[in-house]
Participant: 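Shown below is the structure under consideration.
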Number of protein chains: 2
Amino acid sequence: MTPGDMDFPTPHPAGDCRMVREILDLVGDKWSLYIIASLKDGPVRFNELRRRIEGISQRMLTITLRGLERDGLVKRTLFPTIPPRVDYELTDVGRSLLEPVMALTLWANANQLNIQHARAIYDAG
Amino acid sequence: MTPGDMDFPTPHPAGDCRMVREILDLVGDKWSLYIIASLKDGPVRFNELRRRIEGISQRMLTITLRGLERDGLVKRTLFPTIPPRVDYELTDVGRSLLEPVMALTLWANANQLNIQHARAIYDAG
DNA sequence: CTGAATCCACCTAGATACTG
DNA sequence: CAGTATCTAGGTGGATTCAG
């Protein structure tokens with residue numbers, strides 16, 4: 001580490017953007033938000049979750065759930081019965097994420113036509 | 001388009017989640033939010049933008065700007081001087097996106113310790 | 001039922017070199 | 001200055017198969 005470059009509190013003016021990117025690294029993948037949304041009304045079992053989220057593969061459901069569990073957004077409960085049963089549910093932290101996501105949803109609602117229009121114009125030109 | 005599959009209003013209960021995903025497809029990539037944040041105070045030229053966003057390559061800056069321009073979030077203005085000059089600035093739509101993004105930032109601020117903690121516990125077990 | 005393991009196709013994005 | 005073109009490594013996610 002060269003002494004001259006010791007501290008770089010904010011390498012660029014984008015400041016806060018750093019943390020937003022961390023969230024996007026958290027739930028910005030293809031399936032996380034679908035899972036969170038699908039869990040908003042209470043615990044759901046693995047295969048039921050799989051049925052609810054159309055198009056997700058078994059592998060991606062497992063992997064994504066593991067990530068959400070690791071980040072403390074989803075809680076996994078194993079019932080050691082035969083056959084085994086596993087419930088997934090949102091933690092308080094996970095549920096609190098629904099709020100800012102809702103803000104994004106509102107923005108999407110308000111602007112999706114603008115965006116479609118802009119694209120149509122751009123693609124025409 | 002097969003007549004049978006005509007309409008599928010909400011294939012799964014995740015409903016609103018669709019639109020959120022569309023936004024993530026819009027600005028959920030690696031650089032879009034950095035660019036939007038870097039443009040929040042007014043027009044910026046290409047190379048200045050490149051200097052502000054540490055780590056971005058010339059290619060990715062071009063590609064990402066094209067996408068944002070196509071979606072109507074960023075406006076590109078060419079001054080046909082020699083050497084050429086190009087200004088990029090947020091449109092009203094682009095600027096309006098800063099609000100819900102700010103909500104995400106607040107959530108990140110409030111929960112980043114929770115997440116770090118959850119990860120530490122998970123990785124320990 | 002709930003996974004883990006493996007293989008593979010696609011896409012993203014970085015490096016580099018070149019252009020008007 | 002503001003791009004474009006090409007090549008390539010690495011990551012993401014789908015399909016399939018196996019296991020407890």
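Order of the sequence lines sets the chain letters (A, B, ...), proteins ahead of strands, with each chain counted from 1. Source: prediction; values computed, not measured.
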Participant: Report yes if the side chains of A:E89 and A:T77 come closer than 4.5 Å at any heavy-atom pair, otherwise no.
Facilitator: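 A side-chain contact exists here, since the closest heavy-atom pair is under 4.5 Å.
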Participant: When you measure from the side chain of A:P84, which nucleotide among C:dA13, D:dG20, D:dG14 comes out closest?
Facilitator: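 Output: D:dG20.
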Participant: Roughly how many Å is it from CG in A:D29 to C1' in C:dT12, rounded to a whole number?
Facilitator: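 Distance, rounded to whole Å: 15 Å.
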Participant: Rounded off to whole Å, could you give me the CG-to-C1' distance for the B:D25 and D:dT12 pair?
Facilitator: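 Going from B:D25 (CG) to D:dT12 (C1'), I get 14 Å.
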Participant: Hydrophobic clusters here meaning ILVMFWY residues chained together by side-chain heavy-atom distances under 4.5 Å, can you tell me if A:Y122 and B:L78 are in one?
Facilitator: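 No, no single cluster joins them.
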Participant: Which is it for A:Y34 and A:I56 under the side chain to side chain contact (heavy atoms under 4.5 Å, CB included) test, yes or no, and what are the steps along the way?
Facilitator: CA-CA 10 Å; A:Y34 282 110; A:I56 196 172; over 6 Å; no
Participant: Short of 4.0 Å, heavy atom to strand atom, which residues of residues 55-67 of chain A count as contacting DNA chain C?
Facilitator: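 By residue number: A:Q58, A:R59, A:T62, A:R66.
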Participant: Looking only at side-chain atoms of A:P83, point me to the closest of C:dC1, D:dC1, D:dG3.
Facilitator: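 Given the options C:dC1, D:dC1, D:dG3, the side chain of A:P83 is closest to C:dC1.
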Participant: Rounded to whole Å, how long is the line connecting atom CZ of B:F79 with atom C1' of D:dA2?
Facilitator: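 In whole Å, D:dA2 C1' lies 14 Å from B:F79 CZ.
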Participant: Would you mind reporting whether B:L49 and B:S38 have side-chain heavy atoms less than 4.5 Å apart?
Facilitator: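 Yes, at least one pair of side-chain atoms sits under 4.5 Å.
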Participant: If you compare every side-chain N and O of B:R45 against the phosphate oxygens of D:dC1 (OP1, OP2), does one of them come in below 4.0 Å?
Facilitator: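 The answer is no; no side-chain N or O of B:R45 sits under 4.0 Å from OP1 or OP2.
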Participant: May I have the distance from A:R85 (atom CZ) to C:dG3 (atom C1'), rounded to whole angstrom?
Facilitator: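 Roughly 17 Å, once rounded to whole Å.
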Participant: Using whole Å, what does the distance between atom C1' of nucleotide D:dA2 and atom CZ of B:R50 come to?
Facilitator: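 Atom CZ in B:R50 sits about 10 Å away from atom C1' in D:dA2.
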Participant: Rounding to a whole Å, what distance do you find between A:E69:CD and C:dG3:C1'?
Facilitator: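 Computing the A:E69:CD to C:dG3:C1' distance gives 13 Å.
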Participant: With respect to the phosphate group of D:dC1, does any side-chain polar atom (N or O) of B:Y88 fall under 4.0 Å of OP1 or OP2?
Facilitator: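 B:Y88 to D:dC1 OP1/OP2: no side-chain N or O under 4.0 Å.
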Participant: How many whole angstroms separate atom OH of B:Y34 from atom P of C:dA13?
Facilitator: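 Taking atom P of C:dA13 as the reference, OH of B:Y34 is at 13 Å.
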Participant: Between A:E99 and B:W107, is any pair of side-chain heavy atoms under 4.5 Å apart?
Facilitator: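 No, every pair of side-chain atoms sits at 4.5 Å or beyond.
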Participant: Identify which one of B:L68, B:V74, B:T91 satisfies the side chain to side chain contact (heavy atoms under 4.5 Å, CB included) criterion when paired with B:L39.
Facilitator: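 When B:L68, B:V74, B:T91 are each tested with B:L39, the side chain to side chain contact (heavy atoms under 4.5 Å, CB included) holds only for B:V74.
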Participant: Rounded to whole angstrom units, what separation is found between the CD1 atom of B:I53 and the C1' atom of C:dG14?
Facilitator: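 My rounded result for the distance is 16 Å.
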Participant: Using side chain to side chain contact (heavy atoms under 4.5 Å, CB included) as the criterion, point out the one residue from B:I35, B:V27, B:L33 that pairs with B:T64.
Facilitator: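 The residue from B:I35, B:V27, B:L33 that satisfies side chain to side chain contact (heavy atoms under 4.5 Å, CB included) with B:T64 turns out to be B:I35.
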Participant: Determine: side-chain N/O of B:R76 to OP1/OP2 of D:dG3, distance under 4.0 Å, yes or no.
Facilitator: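 For D:dG3, OP1/OP2 do have a side-chain N/O of B:R76 under 4.0 Å.
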